[in-house]
Structure formats: C-alpha cells, structure tokens
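Quick note on labels: first sequence line is chain A, next is B, and so on, each numbered from 1.
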Amino acid sequence: MTTHQFPAALPPAIELHGLSKLFRGGAGLHPLELQIERGEIFGFLGPNGAGKTTTLRTLMGFLRPTSGSARVLGHDVWHEREAVHALVGYLPGELTLPAAETAAQVFGEAARQRGAAGVVANAKMLCERLELDPTRKIGTLSKGNKQKVGLVLALMHAPEVLLLDEPTDGLDPLAQDTVLTLLQEAQAEGRTVLLSSHMLAEVERVAQRVGIVRAGRLVRAERLDHLIAGLPSHLTVTFRGPAPTLPSESALGLTDLYWQAPTVSQGPTLRATLTGEPNPLLRALAGAEVAYFRLERASLEEAFLNDYRSQNAVQSGQEEPHA
Amino acid sequence: MLEFTRSWLRGARGSLLWWSVGLCAYAGMLWAFYPSLRGNTGINDLLKSYPQSVRDLLGGADLSTPGGYLFAELFSFMLPLAWIVLAALWGSRAIAGDEEAGRLELPLAGPRSRGALLAGRSVGVLLGMLTVGAVTGVGVWLLGLLVSSGLGLGPLLARTVLLALACWVLAGLALAVGAATGRAGAALGASSALGLALFLMYSLGGQVAALRDLRPLLPFWPALGGGALGTFGWPEAARGLALLGVGLALPLLAIPLFNRRDVGK
C-alpha cells in the first residue's frame, strides 16, 4: 500500500462536521463526522437507502445540509459549490445522459465547461482503456457502456477528488478491473477517491479505509486492514482418530462449534468460528492426529452482512440467528 | 454560460424543426384555400352577419385580401395558441423537466454556477422562440408567393417575431417557476394558464370596456394590436425589446431561489 505524505497545512480532502440532511418524515442523513485524507481511497458501504447517495449529493452541493458542514479540499460544499466542482469528478448513482448525442459530444461540452488543456485527450485515452466507442449515440449504448460514459466524464479532467456512486454498476468483469486500476492510478498520483459501492470485493481490493452507513448513520469507519484483522475465521479440522479433548471454547476463541460424526474413511470433523489469534487452538491441537485443517478468514461481505443482520435483530428485539 | 445555450439548442433541434415545419405546413394549407376567397366580397357580407365579438376575434379583417385572410386564419387564433403551448413546454422542460428526468446533475456537476445554467438555457429558449418565429415568418411569406399574396416579408416577419417574443415572456415565466420550484408541472401550468388568460383578455378586450384600456399593455398587443393592416416601426421594435427584457428578467429573478433549494430527483 502506498502512503502519501502531505504538508500539514493542507486541509483534508473531505471533512464532514455534524453534517446532516433530513427529509420529510425524518429519513436522510443524521449528523455525520468523517474525515478523508488526501490520497486515500475510502470505501463507503451500506444497503439501499442507507444514506450513501444522499451523502454524495450533499457533498456535491445538490442538497442543502440541514445542519453541520462539509468541506472538500477546504471549500464549503454549499457556499463554494463552483470551487468544489472545479476540483471534483462525480459519477451519480442514477446516470441520465442525452440519448440523441454521441459520447464525444458530451465529452466535448464537459471539456469546454472545464476549460483545461488536455481534457479531451484524456477523455480519448480513457475511452480506449475502457473500450468505449465515443462516436456512437448514447441512446444506442448498453447500460455498461453508458456507465463508461459517466466514468469518463468523472475522470477526464483528472480531478483532485473523485466522488463515485456505484462506479462499476453494470460493467463486465474486465471493465470493472480497468476501473479499479484507474482508481489505484489516481491514488498513486495523490488524488482522493470516495467510493460508494455495494460491491464489497472491489472496495476490499482498493480501499484503505471503509465507512459503513446504516439508516443514515455512520456506524463504523476504520482502516480496512484493521477491519479485516478483526474478522472471524471459519475453522474446519478433521481428525484421523477419535476426537481429542480440547480446552473450553472460550479459551480457544471458538464460537458456533459443532462436531460432525466420523465416517468410514475419516474421523470426526470439528467446525467452528474462530475470533482472534489461532495460537491457543494450534497448541491444543499439537498432540492430535489431524487429517485435514482449514482456517479461512470471513470475507468483508460476510462481515458486512453479519453486522447488518445483528443490528437488525437488535433493533427488532429478536435474538440474533446463528449463521 | 454559452455552452449551456449551445447544448440546449442542440437538444431542441428536433423540436424546433418539427414545430417550424408543422406551422409552415399549416400556413401552406391556408394559402391553398386562399385563391377561392380572393376578391370574394360575399365572405365579408357573411362576416358582417356575425356578432361583433366574433368579428373582433378574427381581427375585424377583410377576408378577401391576403393580409386580412392571413390575420384571421393564422394570427388571430392558431399561431398565438400554438406558441403559448410551445413556450410553456420549452420553458418548463429547460430546468424543471430535465431535473425531474434526472438530467440536471451532470451539467450542474461542472464548475459553472446554477445561475449560469439558468441564464444559458434561458437564452437558448429565447433563441429557439426567435428562430421558430423567423422561420415561420419567412415560410409563410415564401408560401404566399405561390398564390401571389403580394405581402411584404418585412411586416410579416416583424409580426411573427413579435408574437414569438410575446410567447417568450411566458417561456420566461415557465423557466422562473421551474427553477424556483423544480416542478415541471407547476411551470407548465402557470405559464400556459397565464398565456391563455392573457390571450383571452386580449381577444375580448375589443368588446369588454374594462379590458379595452388594458390591451396595449398585454404582450400580444405589439404583434396583433395593429390588426390586419398593422404597420411596424420603432414603437413596435421598442415594445419587442421590452418583451425580450421582461422574458429574460423573470428567470434571472428566480436565480436566488434556484441557488437556495435542493436540486435533482
């Protein structure tokens, strides 16, 4: 992972202080505190309606904050909208483009608005990398290709900050890979990405930190490697002989433990979820005849889903179901 | 700002073309009937049997002359109504319609202000209305040549452009309401209802004493007030400029409201 050093005087890429945006009926975004440093890829996770898009649209100055403030590279997102837009590339979650125009016409217009040199050449390069034909009318393009048009519009002026709402939505795996590579390249140049996504695998691949938003509240924001280190692992141990006597589950850091009966060809199988260091377990197994051993870390997706299920269960007053 | 004007005009090309073609086709149809009425004084005798209010609606024109026939058949009713609808549609779609369709976020994601977008698109709608006015004027004149109408291009063009400017004021209102509220339905309703009410006031003004003095203040007066034999000079040009200014002022006045509200779907 690349770490970027910046002078302390420079403001963070994105800072939210008590930012809220409440709609009629109380839905929306509740006061949010978050800081995203320059050169960081920050994954913004949450289910539909959690408030991810509202956060991005508020950062773009499309929605007026109900309270608090948000700044992008030191500029207030509501009062200095144009200054923010000059520095930001934005991909909306629901992209609607003029069907009768070609992608090249749309890029040309955006380039004239930006007025910076090299924007059109950059758009051409991005089209080549994303394998997008800019001469075709947008109305004739597939969903994935329309998404590529939106991505080129967001990236073509090499913005300092990228606000991307589901950037790989509708893309084939090859194009998804290219987009993630482009984001990593942007980061290598010191630029910042706020990546809102349902695709946890892609967030896991590129993000340094993630924020999990739920019902308009940021319930977790931490480094991805810390989050992953705290994830439980799935344990499977098959023994050759009879099952050994093991210390208590809690001493080994095991939960959800159960034994699978021996078969003709193999001994009993232990299945459990391991949280924390595996050393106590390995020591306990030292004298046993182990035929098969597998310890697999839960994916971010699994952790995310479990997190949500447990919070839903707590909220509805039900007992948390075991996986 | 001009990039918004250019892009709006590019998007409105088809609409502009078909409205112009449609109105010219309608004018062509009218001219095709004209030879049967040329010099026919009987039609005027028939008109005299109508109530004064109906004759006023037809501009009190002599239907046997090319100018009178065109005024009664095209300018007194059909063209104003068509352009009221066109102005309300274009004005309401330019901001609020695009916003409801989710097409406003991309232009607003650039480094230009909301005010620049509103001003740029307003100029686009104005140019669109002027183009439809000019193309219709020239088209009616050219088609009139086929029946030797003898009408001058200048007065005809002046009348269509002034009528387009009268309707542009309604487009300006639709732009303002759309920008202030983000609701295309409200913009369309407000501008078309006001347009129809003003046109009704203008049409009935000849008969209703209370409205008679108001007629010169109505936006349709510069184009239609002179009747079939209207002449066009500096006073009409000044009134045309006033209409242009009022139509531009309305969306500009809405900029603070547009700036203060949430945008997008």
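Within residues 62-85 of chain A, the residues having any heavy atom less than 4.5 Å from a heavy atom of chain B are, in residue-number order, A/Phe62, A/Leu63, A/Arg64, A/Trp78, A/Arg81, A/Glu82, A/His85.
The shortest side-chain heavy-atom distance between A/Thr96 and B/Glu105 does not fall under the 4.5 Å cut-off.
Of the atoms belonging to A/Leu95, it is side-chain heavy atoms, and not backbone ones, that fall under 4.5 Å from chain B. When heavy atoms are compared at a cutoff of 4.5 Å, A/Gln105 approaches chain B by way of both its backbone and its side chain. The contact between B/Arg261 and chain A is made entirely by backbone atoms, counting heavy-atom distances below 4.5 Å. Looking at B/Asn259, the atoms closer than 4.5 Å to chain A (heavy atoms on both sides) sit in the backbone and in the side chain alike. Contacts of B/Leu106 with chain A are made by side-chain atoms alone, with heavy-atom separations under 4.5 Å and no backbone atom involved.
Using a 4.0 Å cut-off between charged side-chain N and carboxylate O, B/Arg10 and A/Glu109 make a salt bridge.
Atom CZ of B/Phe33 is surrounded by 12 or fewer heavy atoms from other residues, nucleotides or ligands within 6.0 Å. At most 12 heavy atoms of other shown residues, nucleotides or ligands fall within 6.0 angstrom of atom CZ in B/Arg183. Residue A/Gln184 qualifies as enclosed at atom CD: its count of foreign heavy atoms under 6.0 Å is above 12.
Separation of atoms CZ (B/Arg112) and CZ (A/Arg114) is listed at 9.5 Å; rounding is to 0.5 Å.
Between B/Gly264 and A/Arg57, the closest heavy-atom pair is CA-NH2, 3.3 Å. The minimum heavy-atom distance linking A/Lys21 with B/Asp262 is given by the pair NZ-OD2, 2.7 Å.
Comparing A/Arg112, A/His157, A/Met60 by heavy-atom pairs within less than 4.5 Å of chain B, the highest count is held by A/Arg112. For the options B/Ala116, B/Ala109, B/Ser113, heavy-atom pairs under 4.5 Å to chain A are most numerous at B/Ala109.
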